[in-house]
Amino acid sequence: MAEKRKFQAIKGTRDLLPPETELWNRVEQTAREVFGTYGFGEIRPPIFEPTELFARSIGLETDVVSKEMYTFEDRDETSVSLRPEATASVCRAYIEHNMHALPQPVKLYYMGPMFRRERPQKGRYRQFYQIGAELLEALQQSQGGAKDIPKDAAIDAEVIEMVMAFFARLGLESVELDINSIGHNAQNCRPAYVAKLKAELEKVKDKLGPDSQRRMETNPLRVLDSKLESEQAIIATLPRITDHLCSDCAAQYAELKRQLGLRGVAYRENWRLVRGLDYYMRTTFEITAKGLGSQNAVCGGGRYDGLVELLGGPSTKGIGFAIGEDRLILSLQEAGKGAVAQGRDVYIAWMGEKTLATAIRAAQELRQAGLCVELPPVEQKFGKALAQADKLGARFALILGEDEVASGLWTVKTLADGTQKKMAAAEIVKFLKG
Ligand code: HAM
């Protein structure tokens, strides 16, 4: 006989179970509602894409692409990967469906699982869920350059306002928004800054840990991300990008802050916020929540003008964000905002075979009225039925015996206080919903 094997969910993945899934649904429904009021529509991209799409957009040297992707060879020998994020897919879809021909900007949101082979811990999983949004705008001939700065900044601010409105709608108050500008590649402010940063890092190389020494060569900006205690004092002395922005980037950053102020969005400037994906330029932001320990970033995003072009599309601007839904759920629970309705509305305690037909019809009617009803499949003794109703957390028991069916007056028991009432069948829905 074959050995019995006990299967378990793969490390870093998990089952989401009721009643917690109620909370997930509530969060997702709230996102749909809030994003909808800002004119965003839902896109559902595939879960896997050509590996090259992620490599080109997120960047070969990033942790995500260099070591965290689930990549496999398809039967036709093409390399495909489970999506580690969705911005690349949304840009691919924008190009594939000629969305530049639609009225601009195009505003899309998505939600679903993402995959990264990270070391699992609280708030960090290998299959995790994001709720994200992207705003894309193909450039018309008259557009581009310095005159777009106020418009771009206003768009960035509105996207950030939307995330904050979403958190507020969920009742999550203890979130903090960090913003930064990481400059612009083309206008040479970032390359010049990175060169300067690298030169400064060379001088202190011996005092840095192996991770930062490696990053210094591959992506010096990421050294600023370091959480190593021993590196903090050194990092504090490094040149800051906000002091090295070109005039356009500086103007855009100043206008972003003014626009956030106009919208009543509180923020903290954080010159060390560089983000871990290569496609960003100018605006970057992150939102952290309390009670999550080291994995406290619940949302990250920024501007990525030029990414669509890099993927073979027309010249297009973009800004977006993704919320880590797992972490958002954790912080709602920590903040006491994770309660979900449990139990049943009504338990139908039916007794006597002749009452079954009435009990079935009652269950159908109550369910049609939107109530959650438990109808035991077989007859139970009165005491057992009430005990079961209690165990399931039912609010009411509808008691149906042969007397009740004959008289048309049914008994409703409120389980919280044990009170009982007889009423005509037609009044029951109103009473139970009232
Ligand atoms: P990201 O910062 O890599 O950005 O991820 C966004 C959020 O996803 C994080 O702040 C975190 O809450 C959550 N997250 C990331 N990895 C994990 C994990 N292993 N376990 C649990 N949660 C995780 C992006 O993905 C960009 N695509 C965001 C964006 C959209 N930028 C522009 N548009």
Side-chain angles (χ1 to χ4, degrees), residues 11-14 16 24 27 35 40 43 45 49 53-54 57-59 62-65 67-70 82-94 105-137 155-156 159-160 162-163 166-167 172 175-180 182 222 225 273-289 292-308 316-332:
K11 188 174 169 195
T13 74
R14 61 207 178 116
L16 305 174
W24 285 73
V27 163
F35 298 174
F40 283 72
I43 177 169
E49 297 265 11
L53 173 70
F54 300 120
S57 47
I58 300 169
T62 58
D63 287 350
V64 171
V65 169
K67 49 188 191 203
E68 294 171 0
M69 286 211 296
Y70 285 94
L82 296 182
R83 61 183 190 190
E85 58 109 57
T87 309
S89 301
V90 173
C91 290
R92 189 227 2 96
Y94 182 88
V106 171
K107 303 180 188 180
L108 300 166
Y109 72 84
Y110 50 84
M111 46 188 78
M114 308 290 158
F115 305 85
R116 295 184 193 175
R117 202 174 193 292
E118 295 192 78
R119 197 168 43 78
Q121 63 180 86
K122 181 183 174 192
R124 188 159 73 189
Y125 310 96
R126 291 179 171 176
Q127 174 173 337
F128 60 100
Y129 295 78
Q130 283 187 344
I131 299 177
E134 314 290 347
L135 183 149
L136 294 146
E137 185 183 23
I155 287 175
D156 291 357
V159 167
I160 294 174
M162 181 171 89
V163 198
F166 168 61
F167 286 138
L172 196 64
V175 287
E176 288 180 342
L177 166 68
D178 279 20
I179 61 166
N180 192 23
I182 57 165
R222 289 309 305 278
D225 249 3
L273 176 62
V274 292
R275 309 275 301 129
L277 316 168
D278 279 358
Y279 48 63
Y280 293 111
M281 49 89 70
R282 289 190 175 151
T283 306
T284 54
F285 60 96
E286 239 166 55
I287 299 168
T288 49
L292 292 181
S294 64
Q295 304 302 313
N296 64 350
V298 284
C299 175
R303 179 163 277 278
Y304 50 85
D305 297 358
L307 176 56
V308 167
T316 305
K317 295 185 173 196
I319 157 98
F321 63 82
I323 294 161
E325 194 176 355
D326 310 74
R327 294 181 192 178
L328 172 56
I329 298 280
L330 274 173
S331 52
L332 282 170

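Just so we're clear, the structure is a prediction, and the values are computed from it rather than from any experiment. One-based numbering, in listed order, for ligands and for the atoms of each. Computed over heavy atoms, backbone and side chain alike; hydrogens, waters and symmetry mates excluded.
When heavy-atom distances to ligand 1 are checked against a 4.0 Å cut-off, Gln130 comes that close only through its side chain, counted from C-beta outward. With a 4.0 Å cut-off on non-hydrogen atoms, Phe321 touches ligand 1 through its backbone and not its side chain. Contact annotation for Arg275 and ligand 1: only side-chain heavy atoms (C-beta onward) come within less than 4.0 Å of the ligand. Proximity of Glu118 to ligand 1, defined as any heavy-atom pair under 4.0 Å, is confined to the side chain (atoms from C-beta onward). Contacts of Val64 with ligand 1, taken as heavy-atom pairs under 4.0 Å, are absent altogether. Neither the backbone nor the side chain of Pro84 has a heavy atom within less than 4.0 Å of ligand 1. Contacts between Glu134 and ligand 1 below 4.0 angstrom, taking non-hydrogen atoms only, involve the side chain exclusively. Only side-chain heavy atoms of Tyr279 come within less than 4.0 Å of ligand 1; its backbone N, CA, C and O stay farther off.
The nearest heavy-atom contact from the protein to atom 12 (O) of ligand 1 is Ala297 O, 2.7 Å. Among all protein heavy atoms, the one lying closest to atom 21 (C) of ligand 1 is Gly123 O, 3.2 Å. Nearest protein heavy-atom neighbour of atom 31 (N) of ligand 1: Tyr280 OH, 2.6 Å.
The closest side-chain donor-acceptor pair between Tyr129 and Gln127 falls under 3.5 angstrom.
Between Leu135 and Phe321, the closest side-chain pair of non-hydrogen atoms is not below 4.5 Å.
For Gly276, the closest heavy-atom approach to ligand 1 does not fall below 4.0 Å. Using a 4.0 Å cutoff on heavy atoms, Gly132 does not count as a contact of ligand 1.
In this structure, the ring of Phe35 has its center less than 6.0 angstrom from the ring center of Tyr109.
The distance criterion of under 3.5 Å between nitrogen or oxygen atoms is met by Tyr125 with respect to ligand 1.
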